[in-house]
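As the structure lists them, so they are numbered: ligands from 1, and atoms in each ligand from 1.
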Amino acid sequence: MISEEEAREKILSAVSPLPATEVSLGDVLDRFAATELFAIIPLPPFDNSAMDGYAVVAKSAGKNARLKIVGEQPAGISKDLSLLEGEAVRIFTGAPMPIGGDAVVMQEETQREGDYVLIQAEKISVGDFVRKAGADLAIGQRISKRGDRLRSATLGLLASQGIKSVRVGARARVAIVTTGDELAAPGQQPQPGEIFDSNGLMLASLAAKTGVEVAMPRHCPDNFDTLCTTLRDAVHQDAVIISGGVSVGEHDLVREALREIGAKIDLWRVAVKPGKPFLLGKRDQCLIFGLPGNPVSAFVTFLVFVRPALLQMMGAIDLSLPRANARLTHEIAGDETRPHYFRGELADGAFTVIGRQESHAIFGLARANALLRVRPGARLSAGSEVEVLLID
Ligand code: AMP
Ligand code: MG
């Protein structure tokens with residue numbers, strides 16, 4: 001059995017990042033930049049008005065000044081207007097500033113008198129309501145680092161640069177294989193002794209949320225030949241996530257089946273609670289994760305071991321779950337020998353363990369929004385400051 005840290009290192013060093021591809025901006029949300037991206041045009045691209053109003057020369061636009069209107073500048077075209085002291089140009093939000101204009105008086109602080117405008121603002125200073133070219137973003141400034149997740153606002157920024165496509169890491173294709181004679185699919189009639197498969201959907205959705213393409217959700221009974229056939233097919237994907245069958249019982253056939261299809265088992269059993277039977281294997285370029293069948297173990301080992309690997313495969317740099325500081329509402333004693341992940345609720349900065357904490361108890365997990373990792377042998381008292389991992 002190896003430590004959680006060793007397992008993580010081993011897993012991440014087994015990952016081969018997928019090749020980058022050029023993808024149109026409409027399809028890169030939540031994917032990872034494969035290169036650094038730099039501004040190619042300044043933002044704003046030209047000096048423009050932040051208001052509907054009048055462009056003026058500030059020093060000639062004091063309170064009660066009466067300025068002659070010498071033109072009108074709408075947004076969307078440049079009329080190349082210019083402006084002297086004592087003059088004003090009618091201007092609209094986003095319209096280019098006329099040459100010589102150094103401030104905008106907003107419409108609400110003026111009064112129009114035919115070809116003239118009366119300034120009612122108390123004080124106009126140079127730069128008022130003018131958005132200067134490059135003030136937000138200068139040419140050459142870095143927009144994103146390699147490995148950054150491209151978020152909605154990043155897409156907005158890239159679009160504002162006129163960029164149509166970017167290089168991003170390829171999306172991993174991931175097969176999900178559930179195992180177990182006792183499992184019935186939701187919708188089927190379970191026979192006595194059977195339970196419904198909850199991991200198939202849970203793992204597929206966790207994987208999808210990580211940004212991968214779930215290629216092949218399959219169920220397999222605990223039958224050696226069927227398992228070999230299913231796994232032989234599954235390893236054509238970039239990764240396979242197997243639920244169940246990795247423990248030590250006679251019906252846990254995954255390790256044997258992996259050997260049979262020529263996969264190498266890089267690690268098996270990790271000192272972590274829940275999730276001890278976790279397995280990592282590889283066949284050619286395909287990473288194979290064997291997760292314990294107990295739903296909470298499957299969930300936790302996905303987040304702790306599988307998620308970072310899939311992210312790294314797709315070019316992400318930040319592999320950690322979002323974190324938050326919290327105050328414990330009650331005492332917690334962790335496992336004596338293994339890091340112990342507790343499921344609980346973070347609300348208003350306070351963390352409370354929720355529901356039964358055994359590895360099959362999915363009801364508590366379904367109400368939890370955070371995990372607390374407690375070091376081996378640690379005993380945390382009520383009121384302790386802790387850092388929790390956000391799972392939603
Ligand atoms: P295993 O890891 O195959 O030994 O399974 C451990 C426990 O998890 C057993 O009680 C199984 O019935 C249960 N289990 C395995 N797979 C699933 C699944 N897909 N959904 C719900 N429970 C499961
Ligand atoms: Mg099983």
Any side-chain donor-acceptor pair under 3.5 Å between Asp318 and Ser320?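 Yes, Ser320 and Asp318 have a side-chain donor paired with an acceptor closer than 3.5 Å.
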Charged N-O contact under 4.0 Å between Lys209 and Asp30: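 Asp30 and Lys209: not salt-bridged.
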Does Glu87 pair with Lys68 as a salt bridge, N-O distance under 4.0 Å?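 So Glu87 does not pair with Lys68 through a salt bridge.
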Could a heavy atom of His360 be found less than 4.0 Å from some atom of ligand 1?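 His360: no contact with ligand 1 (<4.0 Å).
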Under a heavy-atom criterion of less than 4.0 Å, does Ser198 contact ligand 1?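 Heavy atoms of Ser198 do come under 4.0 Å of ligand 1.
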Which residue supplies the protein heavy atom nearest to [atom], what is that atom called, and how far is it?
atom                    : result
atom 11 (C) of ligand 1 : Glu182 OE2, 3.0 Å
atom 22 (N) of ligand 1 : Ile195 CD1, 3.5 Å
atom 1 (P) of ligand 1  : Gly245 N, 3.8 Å
atom 2 (O) of ligand 1  : Gly293 N, 2.9 Å
atom 6 (C) of ligand 1  : Asn294 N, 3.7 Å
atom 19 (N) of ligand 1 : Asp197 OD1, 2.8 Å

Could you check whether Arg367 makes a cation-pi contact with Phe363, meaning its NZ or CZ is under 6.0 Å from the centre of the six-membered ring and within 45° of the ring axis?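 Yes, cation above the ring, under 6.0 Å and within 45°.
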Face-on cation placement of Arg90 at Tyr54 ring, 6.0 Å and 45° thresholds: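 Satisfied, under 6.0 Å and within 45°.
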Give the numbers and elements of all ligand 1 atoms closer than 4.0 Å to a heavy atom of Gly244.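 Per the distance check, 2 (O), 3 (O).
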Quick check on contacts: which atoms of ligand 1 are under 4.0 angstrom from a heavy atom of Ser243?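 Those of ligand 1 that fall under 4.0 Å from Ser243 are 16 (N), 19 (N).
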Have a look at ligand 1 and work out which part of Asp252, if any, has a heavy atom under 4.0 Å from it: side chain, backbone, both or neither.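 It is the side chain that touches ligand 1; the backbone stays farther off.
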So, Phe305 versus Phe278, ring centres under 6.0 angstrom or not?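 Ring centroids of Phe305 and Phe278 are less than 6.0 Å from each other.
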Going by the side chain to side chain contact (heavy atoms under 4.5 Å, CB included) test, name the single residue among Val254, Asn199, Asn294, Thr179 that passes it with Ser243.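 For Ser243, the side chain to side chain contact (heavy atoms under 4.5 Å, CB included) test succeeds with only one of Val254, Asn199, Asn294, Thr179, which is Asn199.
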With a cut-off of 6.0 Å (strictly less than), are more than 12 heavy atoms of other residues, nucleotides or ligands near NZ of Lys282?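 Yes, because the 6.0 Å sphere around NZ of Lys282 holds more than 12 heavy atoms from other groups.
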